[in-house]
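For reference, the structure discussed in these notes is given below.
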Amino acid sequence: TRNPLFTDRRVRQALDLAFDFEWLNKAVFRGAYKRIESYFPNAELAASGLPSPAERALLEPFRDNLPATVFGPAYEAPKTNASGMAGRRGNLRQALNLLRQAGWRLDNGRLVDGKTGAPFQFEILIQTGQEEGVVLEWVRTLERLGITARIRSVDGTQFRQRLNSFDYDVVNYRWINTLSPGVEQRLYWSSENADVEGTRNYAGIRSDAVDALVNGIADAQSRDSLIAHARALDRVLTHGHYAVLLYHLGHDLVAYWPPVDRPDVTPLYGMVIEAWWSEEMVQGQ
């Protein structure tokens, strides 16, 4: 959002509509992945359904500055029938309508600013060899909207330098959250870190509602309070369309030798290889 192109929420929503996860999952990943629809996916911290009374109480003071959708059902990612470009037409029509509302128009197949005539073009920063195929498919779909998106692939060192200095338009990045979020949420989303290089507010978010909610997470005195604040934050972030949420595998892939045994219960965070053992090895030592 530091780039003027992306300050309008309708523009960001249009870019979200142009990402066809269903086709990618079918054609490229053979159905292996699940779509992410939350910043706390697969956890009790994720928003679901309508806001609870506790969530609504946290959101209500900021109603005038939040999208009305925040107070409705939890965010659901756009969907297609996985048939390719033909199956995206409905989403692309909706995206183009949003772009027109935001002041953009088509001019000989190019999307341009309705006032200045400047083309809609931006750069996507990725690390060399990572997710390039996925980004390329998104770029092709954006072309149908008249948007020119260029991919800039750099090595790990340059990627980190540009990430830390916010030197990008759009960046492909992976967040890792815990089941007990805390002060790190300020680094991720708060206004005070929007322009502090080296912090992780990569989207440049400046929102009083977000600031209040991340402070509430950091200062929560009970689990119920933590959950309410996290779910409310999830609603604000997802309906703000600050990111095109991607996908996760949903399970661990492991190959192991049959004599090796493991606990009957897998921790919520997934497999812990240090907790596995072998009776044969123990007896042979």
Side-chain angles (χ1 to χ4, degrees), residues 1-16 19 36 38-41 45 62 65-67 102 113 118-132 134-135 138-139 142 147-178 180-220 229-230 232-246 248:
T1 57
R2 298 177 190 87
N3 185 327
L5 280 178
F6 308 123
T7 55
D8 194 308
R9 174 180 169 273
R10 293 168 295 189
V11 171
R12 302 195 299 268
Q13 185 178 359
L15 299 181
D16 192 15
F19 183 72
I36 294 173
S38 165
Y39 287 85
F40 304 98
L45 303 169
F62 308 98
N65 296 317
L66 291 174
D113 188 296
F120 196 125
Q121 56 188 17
F122 63 90
E123 181 182 274
I124 305 168
L125 180 67
I126 65 171
Q127 291 193 65
T128 302
Q130 292 191 7
E131 306 293 348
E132 187 166 352
V134 173
V135 178
W138 189 43
V139 167
L142 291 172
I147 295 173
T148 300
R150 300 179 301 274
I151 299 174
R152 176 63 62 90
S153 180
V154 297
D155 61 36
T157 300
Q158 188 176 355
F159 181 87
R160 175 53 59 181
Q161 290 174 344
R162 292 187 59 174
L163 193 68
N164 287 342
S165 60
F166 308 132
D167 182 17
Y168 49 80
D169 298 324
V170 173
V171 65
N172 182 39
Y173 190 73
R174 177 174 176 244
W175 273 273
I176 299 177
N177 269 318
T178 75
S180 295
V183 294
E184 80 285 347
Q185 299 300 308
R186 290 173 177 158
L187 295 175
Y188 294 170
W189 319 115
S190 70
S191 300
E192 65 181 352
N193 290 306
D195 293 316
V196 179
E197 293 189 3
T199 60
R200 298 185 182 184
N201 186 348
Y202 298 123
I205 298 170
R206 292 181 178 275
S207 164
D208 291 341
V210 169
D211 292 345
L213 292 169
V214 296
N215 286 333
I217 289 174
D219 299 334
H229 279 87
L233 175 65
D234 200 24
R235 292 180 190 278
V236 175
L237 294 177
T238 52
H239 286 289
H241 299 283
Y242 295 105
V244 176
L245 301 179
L246 297 180
H248 71 288

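These numbers come from the heavy atoms of this one structure, side chains and all, not from hydrogens, waters or symmetry mates. If you read the sequence from its start, that first residue is 1, and numbering goes on from there.
- Surrounding CZ of Arg152 are at most 12 heavy atoms belonging to other residues, nucleotides or ligands under 6.0 Å away.
- For Phe6, the ring pair (Phe, Tyr, Trp, His ring centres under 6.0 Å) partners at least two apart in sequence or on another chain are Phe122.
- Annotation: salt bridge (Lys or Arg N to Asp or Glu O under 4.0 Å) contacts of Arg10 (sequence neighbours excluded): Asp8.
- Between the OG1 atom in Thr157 and the CD atom in Gln127 there is a gap of 9.0 Å [rounded to 0.5 Å].
- Annotation: ring pair (Phe, Tyr, Trp, His ring centres under 6.0 Å) contacts of Tyr242 (sequence neighbours excluded): none.
- Taking His239 as the reference, nothing meets the ring pair (Phe, Tyr, Trp, His ring centres under 6.0 Å) condition, with sequence neighbours excluded.
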- From CA spacing to verdict: side-chain contact (heavy atoms from CB on, under 4.5 Å), Val171, Phe166: CA-CA 9 Å; Val171 65; Phe166 308 132; over 6 Å; no

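- In this structure, Ser207 has no side-chain hydrogen bond (donor to acceptor under 3.5 Å, both in side chains) partners at least two apart in sequence or on a different chain.
- Between the CD1 atom of Ile126 and the OH atom of Tyr173 there is a distance of 16.0 Å, given to the nearest 0.5 Å.
- Judged as a side-chain contact (heavy atoms from CB on, under 4.5 Å), and not counting sequence neighbours, the contacts of Val196 are Asn193, Thr199.
- Atom-to-atom distance recorded for Leu125:CG and Arg150:CZ is 12.5 Å, nearest 0.5 angstrom.
- Summarising the geometry, atom CD belonging to Glu184 is positioned 8.0 Å from atom CD1 belonging to Ile217; distances are rounded to the nearest 0.5 Å.
- Rounding to the nearest 0.5 Å places CZ of Arg9 at 10.5 Å from CG of Asp16.
- Residues forming a side-chain hydrogen bond (donor to acceptor under 3.5 Å, both in side chains) with Asn177 (at least two apart in sequence, or on another chain): Gln185.
- Residue Asp219 holds its CG atom at 6.0 Å from CG of Asn215, rounded to the nearest 0.5 Å.
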- Start with the C-alpha distance between Leu66 and Val236, add both sets of side-chain angles, then the distance that settles side-chain contact (heavy atoms from CB on, under 4.5 Å), and finish with yes or no. CA-CA 8 Å; Leu66 291 174; Val236 175; 3.9 Å; yes

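- Pro119 is not listed as a side-chain neighbour of Thr148, based on a closest heavy-atom distance of 4.5 Å or more.
- The main-chain N or O of Thr7 is found under 3.5 Å from a side-chain atom of Arg12 such that the two form a donor-acceptor pair.
- With sequence neighbours left out, Asn201 forms a side-chain hydrogen bond (donor to acceptor under 3.5 Å, both in side chains) with no residue at all.
- By the 4.5 Å heavy-atom criterion applied to side chains, Leu213 and His229 are counted as neighbours.
- Between Tyr188 and Trp175, the ring-plane angle classifies as perpendicular under the 30° and 60° cut-offs.
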- Message: side-chain contact (heavy atoms from CB on, under 4.5 Å) for Ile205 and Leu237? Distances and angles first, verdict last.
- Response: CA-CA 9 Å; Ile205 298 170; Leu237 294 177; 3.7 Å; yes

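- Every residue two or more places apart in sequence or in another chain was checked for a side-chain hydrogen bond (donor to acceptor under 3.5 Å, both in side chains) with Gln13, and none qualifies.
- Residues Val11 and Phe120 have side chains in contact (heavy-atom distance under 4.5 Å, counting atoms from C-beta outward).
- No donor-acceptor distance shorter than 3.5 angstrom exists from the side chain of Thr238 to the backbone of Ser38, with no hydrogens or angles considered.
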- Item | CA sep, side-chain torsions, deciding dist, call: Tyr39, Trp189, side-chain contact (heavy atoms from CB on, under 4.5 Å) | CA-CA 12 Å; Tyr39 287 85; Trp189 319 115; 3.6 Å; yes

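- Residues satisfying the salt bridge (Lys or Arg N to Asp or Glu O under 4.0 Å) test with Arg200, not counting sequence neighbours, are none.
- Residues passing the side-chain contact (heavy atoms from CB on, under 4.5 Å) test with Ser191 are Arg206, Asp211, sequence neighbours excluded.
- Heavy atoms only, all atoms of each residue included: Gly204 and Thr1 are closest at O-OG1, 3.0 Å.
- The shortest side-chain heavy-atom distance between Trp138 and Leu15 falls under the 4.5 Å cut-off.
- Applying the salt bridge (Lys or Arg N to Asp or Glu O under 4.0 Å) definition to pairs two or more places apart or across chains, those involving residues 158-175 are Glu123-Arg162, Arg162-Asp167.
- The two residues Ala149 and Val139 make their nearest non-hydrogen contact at O-CG1, 3.3 Å.
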